[in-house]
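Working notes, structure below.
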Amino acid sequence: MDYFCGNYDVAVIGAGHAGIEAALASARLGSKTVVFTVSLDMIGNMPCNPSIGGTSKGHLVREIDALGGEMGIAADKNTLQSRILNLGKGPAVHSLRAQIDRREYAKYMKHALEKQDGLDLVQGEIVSLERTENGEYLLKTKLDCVYRAKCVVLATGTFLKGKIYVGDKSYSSGPDGVFPADELSGSLKKLGVPLRRFKTGTPSRVNKKTVDFSELDIQYGDKRVVPFSFDCDNLPENLLPCYITYTNAETKRIITENLSRSPLYGGKIEGIGPRYCPSIEDKIVRFAEKERHQIFIEPCGLETEELYLQGLSSSLPVDVQEAFIHSIKGLEHAHVMRNAYAIEYDCVDPQSLKATLEFIDLPGLFGAGQFNGSSGYEEAAAQGLVAGINAALKAQNKPPLILERSGSYIGTLIDDLVIKGCNEPYRMMTSRSEYRLILRQDNADLRLTETGYKLGLISQRRYDKLLEKKKLIEAERARVEKLVVAPSEALNAMIVSHETSPLTTGCKMADLIRRPQLNYELLTPFDPTRPDLPYEIFEQVEIDIKYEGYIKRQYAQIAEMHRLEVKLIPEDIDYHKVVNLRLEAIEKLSKIRPHNIGQASRISGVSPADISVLLIYLSRRGEKND
């Protein structure tokens, strides 16, 4: 017998990284929210890498924070080691990455959900989802508890019909041995949700006491620690080092001779895996010419001896896993505490979603995270935040939030998913953004905090802090543009030592900063009026000065793209009636239903000629309506 448990504005299925952000955002925007998880102990779990951030992913976390999300705050409070990646390259690709205490992080996120007003946390597996005649949704748990919600966010991660593979062994399971959500898929298919199978994997974990660190390379954190959150008062500390080792010819031999025992190469795994995070057996095959592959040995927490072997993801049998692990320097006697595995799961074709992450044909139903075909905690959290915001806004009959790809990595991520789609687990990369010099991690607050404030997710105190930061940046830029530095023996000696021309006359400080070989730090001894300001103020001014020409060029590109973005496409358009539109374009446009011409132009299979035809059609249609 069913038991009715209550009415909600928003229901979130799943409490991983996507579900957490969706539930918190919805509740904080004033919508009565409930979030379901198959296990309260798995909230905010990191079944794979115990880290947050990384190349382009650090951008996402800082954008989540700027909009009022929780991931950056939680990461800062539970950091074991912090590093900025790609410092040898330009600022567009600098990315923050932190090793995280995975259990403390999960504990923090569980408590955040428990404390949040307007949010109910429920341990229960949702086995069915039905849409009522009035457009609301009925959710039913395995224990026959029924909930009603105006909007639903699907954030099921890898639990949806999850199946584990290790060699010739396979069984139904979610990550880390937790039971999967096996029944919901059937219900979603009845609703018309287009599901498919993807797969991912994770490496073994070994006991620290059995690792020989004596000949391994040590990797320490940065001396100047940068937090993820722009509102961080207590900077994280570097508490533990990481280590680096490498596979070798023996590792390669063991894996190559046992490829026939891999479910990936034996055809047992149907799901498509991530191209940019392959298993070690996949790397050995695809990069056969490489003599070795780098392995990072990373801590999982302060109060555990578990170490994560990044780079050794595998689905080979247990005996093969142990053999190739023991062939690696430092791991010759390593005791494996958790074996590597591959996991296959159901997810959706994201081209069935709008830019709000709401289903095109199922109003009030939203998707987020790995359910949408992406991979990574950061990608999941970013989508969860947007889905949660839009579910809450829809429940309150308010206009949606749509983040443009020209304004954020989150906008780029979502635009790629819903417009271009993905045939494998999608991973964010800096190369995916054509505007990456503007969309840097260091200026995420300048770009997005006002949006978070207008939504109601950023406090007045934090918004005032942003306004003060903008004033300081403007004042410092004006100062260095005005300040003239006279030539001196000491100044010229420093300049020449950095392989740039000495001064023969007075020079503005901004022009010295503009030189590629110089920076604020080198010029400090020769700056008599330098104010005492936070590092990030000087950072913003220096980047703006050094890359001014490139930045202006990208803003011009954005302005050009906006000409197409503002040309909206009516929702009721029938593409079959657009004369001279190619059949492939009709098919793609009818399926994806882009919101504007800009989105339509990015659809694979829609040519510039098709866009011209569409523009003419819309112009004539507009004239008729006038």
Side-chain angles (χ1 to χ4, degrees), residues 48-51 54-57 81 83 85-89 93 95 97 99 165-167 199-208 210-220 241-266 269 272-299 307-336 338-342 375 424-425 427 429-431:
C48 199
N49 205 331
S51 71
T55 302
S56 78
K57 293 168 179 280
Q81 186 195 98
R83 296 175 63 238
L85 307 183
N86 302 321
L87 279 176
K89 301 178 181 179
V93 296
S95 297
R97 182 183 187 273
Q99 286 301 128
Y165 290 87
V166 181
K199 79 101 182 170
T200 187
T202 189
S204 301
R205 273 67 157 179
V206 298
N207 193 312
K208 182 179 180 179
T210 63
V211 175
D212 180 4
F213 298 100
S214 61
E215 294 186 59
L216 302 185
D217 298 330
I218 303 178
Q219 186 180 60
Y220 295 107
C242 296
Y243 298 85
I244 299 173
T245 186
Y246 299 87
T247 63
N248 51 53
E250 178 62 9
T251 316
K252 184 175 181 179
R253 183 194 66 78
I254 293 168
I255 292 171
T256 302
E257 291 181 359
N258 286 280
L259 281 176
S260 61
R261 301 178 65 191
S262 166
L264 180 64
Y265 287 92
I269 295 179
I272 302 169
R275 180 189 311 180
Y276 300 104
C277 189
S279 64
I280 185 62
E281 53 263 37
D282 207 14
K283 285 190 280 190
I284 293 294
V285 171
R286 286 166 53 187
F287 308 106
E289 74 285 355
K290 288 198 69 171
E291 295 182 0
R292 64 179 191 171
H293 294 274
Q294 195 172 48
I295 307 299
F296 293 91
I297 303 177
E298 302 170 336
L307 296 176
Y308 178 87
L309 305 181
Q310 186 194 155
L312 282 180
S313 175
S314 178
S315 61
L316 284 163
V318 171
D319 60 309
V320 181
Q321 289 185 31
E322 296 212 357
F324 72 64
I325 287 172
H326 291 156
S327 72
I328 298 169
K329 184 193 293 186
L331 303 177
E332 293 90 346
H333 305 290
H335 171 67
V336 176
R338 303 186 199 224
N339 289 111
Y341 61 83
S375 68
E424 60 190 34
R427 176 180 177 176
M429 295 180 289
T430 52
S431 60

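Any value given below was found using the heavy atoms of this structure, including those in side chains, with hydrogens, waters and symmetry copies removed.
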For the residue pair [X] and [Y], establish whether any side-chain heavy-atom pair is separated by less than 4.5 Å.
| X | Y | value |
| --- | --- | --- |
| Phe324 | Thr247 | no |
| Asp212 | His333 | no |
| Thr200 | Ser375 | no |

Would you give the length of the straight line joining atom [atom1] of [X] to atom [atom2] of [Y], rounded to the nearest 0.5 angstrom?
| X | Y | atom1 | atom2 | answer |
| --- | --- | --- | --- | --- |
| Ser51 | Gln310 | OG | CD | 6.5 Å |
| Ile328 | Ile280 | CD1 | CD1 | 7.0 Å |
| Leu216 | Phe296 | CG | CZ | 12.5 Å |
| Leu331 | His326 | CG | NE2 | 8.0 Å |
| Arg261 | Asp319 | CZ | CG | 4.0 Å |
| Asn339 | Glu322 | CG | CD | 6.5 Å |

Between [X] and [Y], do the side chains contain an N or O donor and an N or O acceptor separated by less than 3.5 Å?
| X | Y | value |
| --- | --- | --- |
| Ser95 | Thr55 | no |
| Gln99 | Arg97 | yes |
| Ser314 | Gln321 | no |

Review point. Who pairs with Tyr243 by ring-ring contact (aromatic ring centres under 6.0 Å, His included), at least two apart in sequence or on another chain?
Key: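 ring-ring contact (aromatic ring centres under 6.0 Å, His included) list for Tyr243, sorted by chain: Phe213.
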Shortest non-hydrogen separation from [X] to [Y] and the atoms involved:
| X | Y | result |
| --- | --- | --- |
| Lys283 | Pro278 | CG-CG, 3.4 Å |
| Val336 | Arg338 | CG1-O, 3.4 Å |
| Ala340 | Thr202 | CB-O, 3.1 Å |
| Thr430 | Ser56 | N-CB, 3.4 Å |
| Phe287 | His293 | CB-CE1, 4.1 Å |
| Ser315 | Ser262 | OG-OG, 4.0 Å |

Exercise for review: Please step through side chain to side chain contact (heavy atoms under 4.5 Å, CB included) for the pair Ile297 and Leu309, ending with a clear verdict.
Suggested key: CA-CA 5 Å; Ile297 303 177; Leu309 305 181; 4.0 Å; yes
State whether the side chain of [X] and the backbone N or O of [Y] hold a donor-acceptor pair below 3.5 Å, judged by distance alone.
| X | Y | answer |
| --- | --- | --- |
| Thr210 | His335 | yes |
| Asn258 | Val320 | no |
| Gln81 | Gln219 | yes |
| Arg292 | Lys290 | no |

Review point. Which of these passes side chain to side chain contact (heavy atoms under 4.5 Å, CB included) with Ile254: Glu250, Lys252, Glu257?
Key: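 So, applying the side chain to side chain contact (heavy atoms under 4.5 Å, CB included) to Ile254 and each of Glu250, Lys252, Glu257, only Glu250 qualifies.
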Review point. What do you reckon, is NZ of Lys329 surrounded by more than 12 foreign heavy atoms closer than 6.0 Å?
Key: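 At most 12 heavy atoms, drawn from other residues, nucleotides or ligands, come within 6.0 Å of this atom.
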Check your understanding: Would you say Arg253 has more than 12 foreign heavy atoms packed within less than 6.0 Å of its CZ?
Key ->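 For Arg253, atom CZ is crowded (more than 12 foreign heavy atoms under 6.0 Å).
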